[in-house]
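What follows is one structure encoded as C-alpha cells, with my remarks underneath.
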Amino acid sequence: MFNQYNPDEIRDRARAAFIGMAIGDALGATVEFMTTSEIASKYGTFKDIIGGGWLRLKPGQVTDDTQMALCIARAVVSRQTWALEAVADNFAAWLKSRPVDCGDTCRKGIRAYMLHGTLEMPLNEWDAGNGAAMRMLPVALYSLPDGELLRKYAVEQAHLTHNNPVSDAACICLGEMLHLAICGAEKSRLRRQADGLVARFPTFNFEPYRGLATGYVVDTMQTVFHWFFRGRSFEECLVGAVNQGADADTTGAICAMLAGAYYGMEGIPQRWLKKMDKGVITEIEIVTDKLLAASPLWRAF
Ligand code: MN
Ligand code: MN
C-alpha cells in the first residue's frame with residue numbers, strides 16, 4: 001500500500017507543514033490578543049511578517065508554539081524512538097531558558113514534571129486550552145501514516161500538560177488531518193475527518209462560524225477549520241485565521257501547518273519565507289527529514 005506514496009512529495013508537504021507552522025506563529029504573534037476591529041483599523045487586512053505585538057518580537061521570530069513543537073521533534077530525533085521523558089526534559093530546559101512566552105497550563109505541567117517527575121497531569125475539565133494541539137506536528141510526522149501510533153503519541157504528549165478529553169479529541173483529529181494532507185488527500189477527505197470530530201463532540205461545530213479565536217481549543221479549532229476549508233491558497237487560509245485576532249499566533253500556527261501540508265512548499269509566499277528566522281527554518285528542515293526517516297512510512301519505502 002505504501003508504493004502509492006511519492007517520497008519527494010511527502011517530504012515537500014511535511015516541510016511545508018513545519019515551516020508553515022512557524023510562519024503562522026511569527027505572523028499571528030503580531031496581532032495576538034487584538035480584536036478583529038482593532039486589527040482592521042490598524043492594518044486593514046493584516047498580512048505581513050513585521051514582528052512587534054505584545055511580545056515585541058523581531059520580524060520572523062517564533063514563540064512557544066514553534067518552540068514546544070521543536071522540543072518534541074528534538075527529543076524524538078536524538079533518542080531515535082518515542083521518549084516521553086526526553087520530551088519533558090526538553091520542555092523543562094526550554095522553560096528554564098526564559099522563553100518569550102508560555103501558556104499557564106503548559107507552565108503548570110512542566111513545573112509538575114520538574115518538581116515531581118509527573119509525566120501525566122491529572123484529568124482536568126478546565127485544561128482545554130490549545131497548548132497540546134499546537135505542538136502536534138512532529139507527532140504526526142514521526143507516526144506517519146500509522147493512526148494507532150498517532151493516537152498513542154498524541155495523547156501522551158498532550159497529557160504532559162493538558163489532560164482533557166476535548167483537547168485530546170482535537171489533538172487526534174488534527175494529527176489525522178495532517179497524516180491525510182501530507183499523504184496527498186483532497187480537502188473533501190479532510191472535511192470528512194473534521195465532520196467526524198464534530199459528530200463525536202458537537203461543540204466543535206464551525207458552521208455557522210462564531211468568529212471566536214481564543215486559546216480555548218474549541219474556539220481555536222473552529223477558527224482553523226473555518227479558514228482552512230474556506231481558503232483557496234496557503235496565504236488565504238492563514239491570513240483569514242490571523243485576522244480573527246485573539247490567540248492569533250496559535251490559530252495561525254495550526255491553520256498554517258494544515259495548509260502547508262495541503263498546498264506544499266509551492267504555496268508558501270516567498271515574502272514570508274524570507275522574513276523568517278534562518279536558524280529556525282534550518283533546524284525545521286533538518287528535524288523534518290529526520291522525523292520522516294524514522295517514521296513507519298519511510299521504513300516501508
Ligand atoms: Mn505563542
Ligand atoms: Mn498563542
Side-chain angles (χ1 to χ4, degrees), residues 17-36 38-39 46 49-73 90-91 94-95 97-110 126-138 157-158 160-162 164 166-167 170-171 174 211-228 237-260 272 275-277 280-281 283-284:
F18 217 143
I19 290 172
M21 105 158 259
I23 288 175
D25 183 4
L27 180 73
T30 302
V31 292
E32 190 179 20
F33 300 131
M34 289 174 73
T35 65
T36 49
E38 283 166 357
I39 295 170
F46 174 71
I49 294 177
I50 54 171
W54 73 285
L55 297 171
R56 300 169 186 273
L57 299 170
K58 293 188 279 267
Q61 189 179 347
V62 297
T63 73
D64 55 344
D65 310 67
T66 305
Q67 289 167 347
M68 292 190 86
L70 281 171
C71 283
I72 296 177
N90 285 356
F91 284 172
W94 168 73
L95 188 60
S97 76
R98 301 162 114 270
V100 63
D101 66 338
C102 178
D104 292 340
T105 309
C106 287
R107 188 185 305 272
K108 191 174 62 173
I110 298 168
W126 303 106
D127 287 344
N130 56 22
M134 73 187 189
R135 52 185 198 236
M136 270 302 296
L137 184 60
Q157 74 82 12
L160 286 170
T161 54
H162 296 63
N164 177 280
V166 176
S167 162
C171 288
L174 175 61
L212 297 179
T214 74
Y216 176 41
V217 71
V218 168
D219 293 349
T220 301
M221 293 309 292
Q222 286 178 355
T223 297
V224 168
F225 291 150
H226 176 76
W227 286 107
F228 174 69
C237 295
L238 178 52
V239 167
V242 300
N243 278 272
Q244 296 297 142
D247 198 358
D249 64 323
T250 307
T251 59
I254 298 176
C255 193
M257 72 176 82
L258 266 179
W272 284 346
K275 281 275 157 60
M276 292 302 295
D277 181 319
V280 170
I281 298 297
E283 184 179 13
I284 284 175

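The structure presented is a predicted model; accordingly, all values stated were derived computationally and were not measured. For ligands, and for the atoms within them, numbers begin at 1 and follow the listed sequence.
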Checklist line | Smallest separation among heavy atoms of Asp249 and Asp65, with atom names | finding: OD2-OD1, 2.8 Å
Notebook entry, point to check: Is there a side chain to side chain contact (heavy atoms under 4.5 Å, CB included) between Phe225 and Met221 once you walk through the steps?
Noted result: CA-CA 6 Å; Phe225 291 150; Met221 293 309 292; 3.7 Å; yes
Notebook entry, point to check: Is there a side-chain contact between Phe33 and Leu55 (heavy atoms, below 4.5 Å)?
Noted result: no
Check: Checking only N/O/S atoms, does Asp247 have one that is under 2.8 Å from the Mn ion (ligand 2)?
Finding: yes
Notebook entry, point to check: Counting only N and O atoms by type, is there a donor-acceptor contact under 3.5 Å from the side chain of Thr220 to the main-chain atoms of Thr214?
Noted result: yes
Note to self: If you consider just the N/O/S atoms, which atom of Glu32 is the closest one to the Mn ion (ligand 2)?
What the structure shows: OE2
Item checked: Residue Lys108 excluded, over 12 heavy atoms near NZ under 6.0 Å -> yes
Next item on the list: Nearest 10° is fine: what angle sits at the Mn ion (ligand 2) between OG1 from Thr250 and OD1 from Asp249?
Entry: 90°
Checklist line | N, O or S atom within Asp65 nearest to the Mn ion (ligand 1), by name | finding: OD1
Note to self: Suppose we only allow N, O or S atoms; which atom of Asp64 ends up nearest to the Mn ion (ligand 1)?
What the structure shows: OD1
